[in-house]
Amino acid sequence: MNVPQIEFTKNIFSISRLVYGIWRLHEDKEGTSPEKILQKIEVCLSLGIDTFDHADIYGGFENEELFGKALAKLPTLKSKIKIITKCGIQIPGSKFPTKHYNTSKEHIRYSVERSLRKLQVDKLDVVLIHRPDPLMDPYELAEIFEVLIKEGKVLHFGVSNFTTSQFQMLQSVYKKPLFTNQVEFHPFHTEPLFDGTFDQALESKFHPMVWSPTAGGRIFTPKSERELATFSKLQEIAKLKGSGVDQVLYSWFLNHPSGLVPILGTNDIKRIQSAASSFSYPLSRMEWFSILEVARGREVA
């Protein structure tokens, strides 16, 4: 079964229900040659995964460029994929002694144009503000969003790691619908279920993107008592379904009515293929709650 598309109705745009993340692209033990990256892109496309999640800072500001060099080898792929990238984080280094955020209109324009150059594409499908900036001026941000869309450089803008009030503040002055709020969510970090994040998504009719769905791999390498119990529960359900533990995990995300979009962070092609099969193993409501209960260490109130 191929990975289906999910429609962002307010934006009149769809992406694949699983997204391939570029965060760890530079850590691939088999290398980062254009040929190796093209192999992963083509495997993703064969599975129905046509959306790729970047950020300007990934790989020390190099992963977008690695990806762009691969696309340059096979330009026909550009019309087959959708690119999401993020900006706004300033990493300490020779230029900046202090880590900070920059959501000024000058920096957003600079970041978008740099991503376009590095990725070697004519447009970015979605650009997200990577982290909420305490000095963010929503009116200035909305203005540069609208200008860059008018220029054809970006199709949609959204946010990442925003609280519900931060999301609403920006949406209140931005005329178009914010595309998404990309947040951390997995069985060991379930706050978005209870702090209003996913409630807001349902109310505003957007689909949250989920980063670190495997808790940075902790799901599959359990150490603490709670992690071991969660892995055991996933194994138990996987055995009943004749599936892999990873397929049960990804299926768990698919139950939420807001239409969560998990981002795959693996460099292993077999794991990408396995994750794509998760749609064949739907979970019952009882199974979903049993995973939540063991991962949180308590039953729901």
- Please check if any side-chain donor atom of H107 sits under 3.5 Å from a side-chain acceptor atom of T103, or the reverse.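 Note: H107 and T103 side chains miss the donor-acceptor criterion.
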
Using distance only, find each side-chain donor-acceptor pair of residues 255-262 under 3.5 Å and give its atom names and separation, not counting sequence neighbours.
from: N255; atom 1: ND2; to: L283; atom 2: O; distance (Å): 3.4
from: H256; atom 1: ND1; to: S258; atom 2: N; distance (Å): 3.1
from: H256; atom 1: ND1; to: S258; atom 2: OG; distance (Å): 2.8

- Item | Residue pairs involving residues 136-145 (criterion side-chain hydrogen bond (donor to acceptor under 3.5 Å, both in side chains); sequence neighbours excluded) |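 side-chain hydrogen bond (donor to acceptor under 3.5 Å, both in side chains) check on residues 136-145 returns no pairs.
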
- With sequence neighbours excluded, what pairs up with T98 under the side-chain contact (heavy atoms from CB on, under 4.5 Å) test?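 Result, side-chain contact (heavy atoms from CB on, under 4.5 Å) vs T98: none returned.
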
- Query: Got a sec, which residues hit side-chain contact (heavy atoms from CB on, under 4.5 Å) with P282, two or more places apart in sequence or on another chain?
  - Reply: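 Applying side-chain contact (heavy atoms from CB on, under 4.5 Å) to P282 gives none.
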
- Query: When you measure from the centre of the six-membered ring of Y58, is the NZ or CZ of K86 under 6.0 Å away and within 45° of the axis?
  - Reply: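 K86 over Y58 ring: no.
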
- How does the hydrophobic cluster around V294 look, that is, which other residues are in it when side-chain heavy atoms under 4.5 Å mark a link?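 Same cluster as V294: nobody, lone residue.
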
Please check: side-chain N/O of [X] versus main-chain N/O of [Y], any donor-acceptor pairing under 3.5 Å?
| X | Y | value |
| --- | --- | --- |
| S212 | G216 | yes |
| S251 | Y281 | yes |
| S172 | M169 | yes |
| Q120 | R117 | no |

- Task: Please check if atom NZ in K69 has more than 12 non-hydrogen atoms from other residues, nucleotides or ligands closer than 6.0 Å.
- Result: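 Check fails, neighbour count at 12 or below.
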
- Message: For E106, is the CD atom crowded, meaning more than 12 foreign heavy atoms sit under 6.0 Å from it?
- Response: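 Yes, the 6.0 Å shell around CD holds more than 12 heavy atoms from other groups.
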
- H207: ring pair (Phe, Tyr, Trp, His ring centres under 6.0 Å) partners, not counting sequence neighbours: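 If we apply the ring pair (Phe, Tyr, Trp, His ring centres under 6.0 Å) test to H207, skipping adjacent residues, the hits are F8.
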
